[in-house]
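It should be emphasised that the depicted structure is a prediction, and the values quoted were computed from it without experimental measurement.
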Amino acid sequence: MLAVLATTSSLLGASRLATPMPATPVVRFSPPCMNAAPSKLKIGLVGGGTVGGGVVTILEKTRKLQESLGIDVDIAAICVRDKSKKRDFEVPSGCILIEDVEQILSDDSINLVCEVMGGTTLAKEVIMRSIKAGKHVVTANKALIAQDLPAIESLLKAVSSREPCQLGWPLHV
């Protein structure tokens, strides 16, 4: 259950710590549900493999938790390499499978991009373009965070002056 709550919190933009967790928790920034962010998160998921399927499954199984937090989470689109490939998870009702990430990046109704495709080249491009478009971003990409966090944070600061957006990643990164 703890893993479910931790993953859901990450997707909802829960705080991250740059250093090991102290005895008294420190919040570096507020999760979207605690500030002026929208109460409806329309997610574009980039990656439909094992991790992406886990995200879908957890979000579908935690609907009551989402309701109790006053948040409506909707996975609008899942970008995959091959739409014809059989998935290990059920695609949510109303969600479309796509092969072109541009459909997520250019969709103004999507306000959160969840990058779980791995790698650092295309993943970085997706994250940077999402931030430039004013979308919140959640990633589980440890390699990308380790390699490019300063550049990503610099862009976040520049963009957040006109479009408040946040970057979230799991605490273990």
Side-chain angles (χ1 to χ4, degrees), residues 3-16 29-33 37-63 65-66 69 71-81 83 87-146 148-149 152-153 155-156 159-160 163-173:
V4 170
L5 292 175
T7 303
T8 303
S9 295
S10 293
L11 285 172
L12 297 176
S15 64
R16 55 154 169 89
F29 64 86
S30 299
C33 59
S39 61
K40 178 162 180 97
L41 293 176
K42 192 164 180 187
I43 298 174
L45 185 61
V46 183
T50 302
V51 177
V55 169
V56 170
T57 301
I58 289 168
L59 286 175
E60 290 301 307
K61 288 183 177 182
T62 58
R63 289 285 173 199
L65 172 63
Q66 295 166 30
L69 293 171
I71 299 170
D72 182 14
V73 179
D74 176 34
I75 301 175
I78 303 172
C79 184
V80 297
R81 269 186 278 207
K83 290 191 309 186
R87 303 283 149 203
D88 295 336
F89 59 92
E90 189 174 325
V91 176
S93 175
C95 176
I96 59 170
L97 279 179
I98 59 174
E99 293 178 343
D100 183 5
V101 72
E102 190 62 40
Q103 289 178 261
I104 289 175
L105 296 173
S106 64
D107 186 338
D108 291 335
S109 71
I110 292 176
N111 55 10
L112 187 146
V113 173
C114 181
E115 181 279 312
V116 291
M117 71 173 130
T120 56
T121 308
L122 182 56
K124 180 181 178 183
E125 180 183 340
V126 167
I127 288 172
M128 300 298 258
R129 289 188 57 206
S130 297
I131 292 168
K132 287 177 186 175
K135 300 175 188 299
H136 299 292
V137 175
V138 174
T139 182
N141 194 327
K142 297 182 286 271
L144 180 66
I145 293 298
D148 294 309
L149 183 60
I152 295 168
E153 286 186 323
L155 179 61
L156 270 169
V159 170
S160 288
E163 286 285 337
C165 58
Q166 298 179 21
L167 170 69
W169 68 85
L171 294 173
H172 68 275
V173 172

Enquirer: Can you tell me how far CD of Q166 sits from CG of L112, rounded to the nearest 0.5 angstrom?
Expert: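 L112 atom CG to Q166 atom CD measures 9.5 Å (nearest 0.5 Å).
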Enquirer: Using atom types as modelled and distance alone, determine if a side-chain donor or acceptor of N111 lies under 3.5 Å from a backbone N or O of K42.
Expert: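 Such a contact is found between N111 side chain and K42 backbone.
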Enquirer: Just verifying a value: how many Å separate L105 CG and M128 CE, rounded to the nearest 0.5 Å?
Expert: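 So the CG of L105 and the CE of M128 are separated by 13.0 Å.
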Enquirer: Are there over 12 heavy-atom neighbours, none belonging to D100, within less than 6.0 Å of that residue's CG?
Expert: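 Yes - once you tally the heavy atoms of other residues, nucleotides and ligands closer than 6.0 Å, there are more than 12.
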Enquirer: Hey, could you give me the OG1/CD1 distance between T139 and I152, rounded to the nearest 0.5 Å?
Expert: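 If we round to the nearest 0.5 Å, T139:OG1 and I152:CD1 are 7.5 Å apart.
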Enquirer: Would you say the side chain of T120 lies within less than 4.5 Å of the side chain of K124, judging by non-hydrogen atoms?
Expert: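 When only atoms from C-beta onward are counted, T120 and K124 do not touch, as no gap falls below 4.5 Å.
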Enquirer: Give the C-alpha distance, both sets of side-chain angles, the deciding distance and a yes or no for side chain to side chain contact (heavy atoms under 4.5 Å, CB included) between L144 and W169.
Expert: CA-CA 11 Å; L144 180 66; W169 68 85; over 6 Å; no
Enquirer: Given V126 and V137, is the side chain to side chain contact (heavy atoms under 4.5 Å, CB included) satisfied, shown in steps?
Expert: CA-CA 9 Å; V126 167; V137 175; over 6 Å; no
Enquirer: Without swapping roles, check the side chain of K135 against the backbone of I110 for a donor-acceptor pair under 3.5 Å.
Expert: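 Checking the backbone N and O of I110 against the side chain of K135, a donor-acceptor pair under 3.5 Å is found.
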Enquirer: Check this for me, if you would: do E102 and R129 make a salt bridge, where the nitrogen-to-carboxylate-oxygen distance has to be below 4.0 angstrom?
Expert: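 A salt bridge is present here (some side-chain N lies under 4.0 Å from a carboxylate O).
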Enquirer: Tell me which donor-acceptor pairs under 3.5 Å the side chains of residues 47-61 have, and how far apart each pair is, sequence neighbours excluded?
Expert:
unit_1: T57; atom_1: OG1; unit_2: G53; atom_2: O; d: 2.9
unit_1: E60; atom_1: OE2; unit_2: R63; atom_2: NH2; d: 2.8

Enquirer: I need the L156 CG to E153 CD distance, nearest 0.5 Å.
Expert: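 Separation between the atoms: 7.0 Å.
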Enquirer: Ignoring hydrogens, what is the shortest heavy-atom contact between P170 and A140? Give both atom names and the distance.
Expert: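 That closest heavy-atom pairing would be CD-CA, 4.1 Å.
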Enquirer: Is the closest side-chain heavy-atom distance between R87 and V80 below 4.5 Å?
Expert: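 Contact flag for R87/V80 side chains = yes.
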Enquirer: Write down the atom of G118, the atom of A123, and the distance for their closest heavy-atom approach.
Expert: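 Where G118 meets A123 most closely, the heavy atoms are O-CB, 3.7 Å.
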Enquirer: Check the surroundings of atom CG in D72: do more than 12 heavy atoms from other residues, nucleotides or ligands lie under 6.0 Å from it?
Expert: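 Buried by this count: over 12 neighbours within 6.0 Å.
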Enquirer: Check K83 against L97 and note the closest heavy-atom contact, atom names and distance.
Expert: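 K83 and L97 have their closest heavy atoms at CD-O, 3.1 Å.
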Enquirer: How many angstroms lie between CD in E115 and CG in L45, if you round to the nearest 0.5 Å?
Expert: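 The CG atom of L45 is 9.5 Å from CD of E115, to the nearest 0.5 Å.
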Enquirer: Out of curiosity, D74 CG to S109 OG, how far, rounded to the nearest 0.5 Å?
Expert: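 Answer rounded to 0.5 Å: 8.5 Å.
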Enquirer: Testing the basics here: between C95 and I75, what is the closest heavy-atom pair and its distance to 0.1 Å?
Expert: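 Smallest interatomic distance, heavy atoms only, reads CB-O, 3.2 Å.
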Enquirer: Looking only at heavy atoms, what is the nearest atom pair of N141 and G119, with distance?
Expert: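 It is ND2-O, 2.5 Å.
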Enquirer: Evaluate the criterion side chain to side chain contact (heavy atoms under 4.5 Å, CB included) for residue pair I127 and V113; output intermediate values, then yes/no.
Expert: CA-CA 8 Å; I127 288 172; V113 173; over 6 Å; no
